[in-house]
Colleague: 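Below is one structure. I have some questions about it.
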There are 2 protein chains.
Amino acid sequence: MAHGLTTTSYAILGLLALKPWTTYELAQQMGRALGQFWPRAESKLYEEPKKLVALGLATADRESVGKRRRTVYSITDDGRQALSRWLPLAGAPPVLEFELLIKVFFAEHGTKDDLLATIGLVRAWTEAQATLGVHITGEYLEGRGPYPERLPWILLTGQFLQDFLNMVELWADRAAATVETWPDDIRTATPDVGVLEAMAADNRAILERADQRRRASPPAAEP
Amino acid sequence: MAHGLTTTSYAILGLLALKPWTTYELAQQMGRALGQFWPRAESKLYEEPKKLVALGLATADRESVGKRRRTVYSITDDGRQALSRWLPLAGAPPVLEFELLIKVFFAEHGTKDDLLATIGLVRAWTEAQATLGVHITGEYLEGRGPYPERLPWILLTGQFLQDFLNMVELWADRAAATVETWPDDIRTATPDVGVLEAMAADNRAILERADQRRRASPPAAEP
DNA sequence: TTGACATCCTCCCTTTGGGAGTATATAGTA
DNA sequence: TACTATATACTCCCAAAGGGAGGATGTCAA
């Protein structure tokens, strides 16, 4: 990471590259545009642009609305270049933190109803996410979504998030159905070996497809 | 969170409930068992059990191997109860951090090849994960996996992780195929409205299913 | 006018990440 | 036997980050 810049630094630079924003707008836009795959605490989003200014990657324009002060940040040419230099560098793969899944992992310490309630919370989350998703897709379908010229690659990220949501919902459905078949004392439940075998088969299939891609193209074509 | 206990505290308690562990083993087990959905820095995993001991939720037994000292931690009854009290409480839904997806989101700052390389990194990750997955499923299929009596609910978490992996791989495949169709200057690519419509339909389907579940059971049955 | 909410922001304390470093045990190889 | 690589065991340190609290002013509706 160049000069103490973090992924969040680059994310902010990416947004500034679109247009200048007030800090409040930046914080909001970070939440809306990136919050599902790069959630950041608001206070840090107020700090970060100051750092960019100190490094000459952004500029700060203080202005007033009545007696209220606000700061509009803009990207500099150096900022654009920093962003472009970062983009092709290797980045981190997905990192997941899922507290509810910890509760599933330690289900033996609770009841069948506890476990079903946990799965229910997962479902509630998928519902809230789907409600949000309907609004966002609706905006773009009505031609009102922000930055439509960026839609081709925005759709890639959107598709990822949608796939994730669909996956979580489907998992919750199946998990609930499975747990419902268990005895009241879940500690006496028996595992479904078929699930294990299917997982093993899925992994082998992934490895096989990776192999095929390697054989279909020279090593230089892969990172 | 009771008395400053964190999710990590409860995760450690959950492992201690299985058996006593040295700190090194605890750190390892956290990584193996929970690292995919609760990744934690090693140094914190050495700190955490000390905190549990201070709170009377665990005990520490200092022992020696030759001149090397080590600590074996065990759970107390209070610890078990704290864990059981935490389990039915509401927990946090999935939180994702995916730096590579940020690079997809800001793809306009790079080239088509940059974007394809980014997707390639995602694929490489899925391959490494699948390799790991093959070993783990293999252990259980051969009857050598740890804590087989916990398999029914371990399989729920395993299924989640497998579904996630499958989803990421499929997304990467489709994203690569899509980007391959784009012109060299990706800024001139045109969005596939069908993808947007499919996403909208997926979200509506999720909401519809949630509605049906609500109608099929009284509100008290849901969290 | 008042109250709710939005816009705008700072401060503070705790948690967390991740790297560096040290000591001893173990196993394999020359 | 000596050496080396790796494992086991752990601490320290500094930077990054979370999240809550709090305050000031603007806007809008009742």
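Everything numeric in this text was worked out from a predicted model, so none of it was measured. What you see below is based on every heavy atom in this structure, not just the backbone, and it leaves out hydrogens, waters and symmetry mates. So that the names make sense, note that chain A is the first sequence line, chain B the second, and so on, each numbered from 1.
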Colleague: For a quick test of reading the model: is some side-chain N or O of B/Tyr24 closer than 4.0 Å to OP1 or OP2 of D/dT8?
Modeller: yes
Colleague: Expressed as a whole number of angstroms, how long is the span from B/Glu48:CD to C/dT15:P?
Modeller: 9 Å
Colleague: Looking at A/Glu139 and A/Pro146, what are the two nearest heavy atoms and their distance?
Modeller: OE1-CD, 4.3 Å
Colleague: Quick check: do A/Leu57 and A/Gln81 have side-chain heavy atoms less than 4.5 Å from each other?
Modeller: no
Colleague: Report the distance from atom CZ of A/Arg70 to atom C1' of D/dT27, rounded to the nearest whole Å.
Modeller: 13 Å
Colleague: Please work out if B/Pro49 contacts a base, only the sugar-phosphate, or nothing of the nucleic acid, heavy-atom cut-off 4.0 Å.
Modeller: nothing
Colleague: With a 4.0 Å cut-off on N to O distance, would you call A/Arg214 and B/Glu127 a salt bridge?
Modeller: yes
Colleague: How many whole angstroms separate atom CD of A/Glu42 from atom P of C/dC9?
Modeller: 10 Å
Colleague: Should we count CZ of A/Arg174 as having more than 12 external heavy atoms under 6.0 Å?
Modeller: no
Colleague: When you get a sec, tell me which of D/dC10, D/dA17, D/dT8 is the closest nucleotide to the side chain of A/Thr8?
Modeller: D/dA17
Colleague: Given D/dA17, is OP1 or OP2 found less than 4.0 Å from the side-chain N or O atoms of A/Thr6?
Modeller: yes
Colleague: When the distance from CG of B/Leu52 to C1' of C/dT15 is rounded to whole Å, what number comes out?
Modeller: 15 Å
Colleague: From D/dA16, C/dC9, D/dC10, pick the nucleotide closest to the side chain of A/Lys50?
Modeller: C/dC9
Colleague: From the list D/dA17, D/dA9, C/dC9, which nucleotide is the closest neighbour of the side chain of B/Thr22?
Modeller: D/dA9
Colleague: Taking atom C1' of D/dG19 as reference, at what distance in whole Å does atom OH of A/Tyr46 sit?
Modeller: 14 Å
Colleague: Can you check the A/Leu45 CG to C/dT10 P distance for me, whole Å?
Modeller: 13 Å
Colleague: Can you tell me which nucleotide in D/dG20, D/dT8, D/dA17 comes closest to the side chain of A/Lys44?
Modeller: D/dA17
Colleague: Select one nucleotide: of D/dC10, C/dC11, D/dT8, the one nearest the side-chain heavy atoms of B/Thr71.
Modeller: D/dC10
Colleague: For A/Arg40 and C/dT15, what is the distance between atoms CZ and P respectively, to the nearest whole Å?
Modeller: 19 Å
Colleague: Give a yes or no on whether a salt bridge exists between B/Asp114 and B/Lys103, defined as a side-chain N under 4.0 angstrom from a carboxylate O.
Modeller: no
Colleague: Check the distance between C/dA6's P and A/Gln28's CD and give it to me in whole angstrom.
Modeller: 9 Å
Colleague: Please set out all donor-acceptor pairs under 3.5 angstrom arising from side-chain atoms of residues 152-161 of chain B, sequence neighbours excluded.
Modeller:
unit_1: B/Trp153; atom_1: NE1; unit_2: A/Glu108; atom_2: OE1; d: 2.8
unit_1: B/Thr157; atom_1: OG1; unit_2: B/Ile154; atom_2: O; d: 2.7
unit_1: B/Gln159; atom_1: NE2; unit_2: B/Asp163; atom_2: OD1; d: 2.8

Colleague: State plainly whether the residues B/Arg40 and B/Glu47 are in salt-bridge range, i.e. N to O under 4.0 Å.
Modeller: no
Colleague: Choose from C/dC8, C/dC9, D/dG19 the nucleotide whose nearest atom is closest to any side-chain atom of A/Thr23.
Modeller: C/dC9
Colleague: Could you identify which residues of residues 58-69 of chain A place a heavy atom less than 4.0 Å from some atom of DNA chain C, listed by residue number, or say none?
Modeller: A/Arg68, A/Arg69
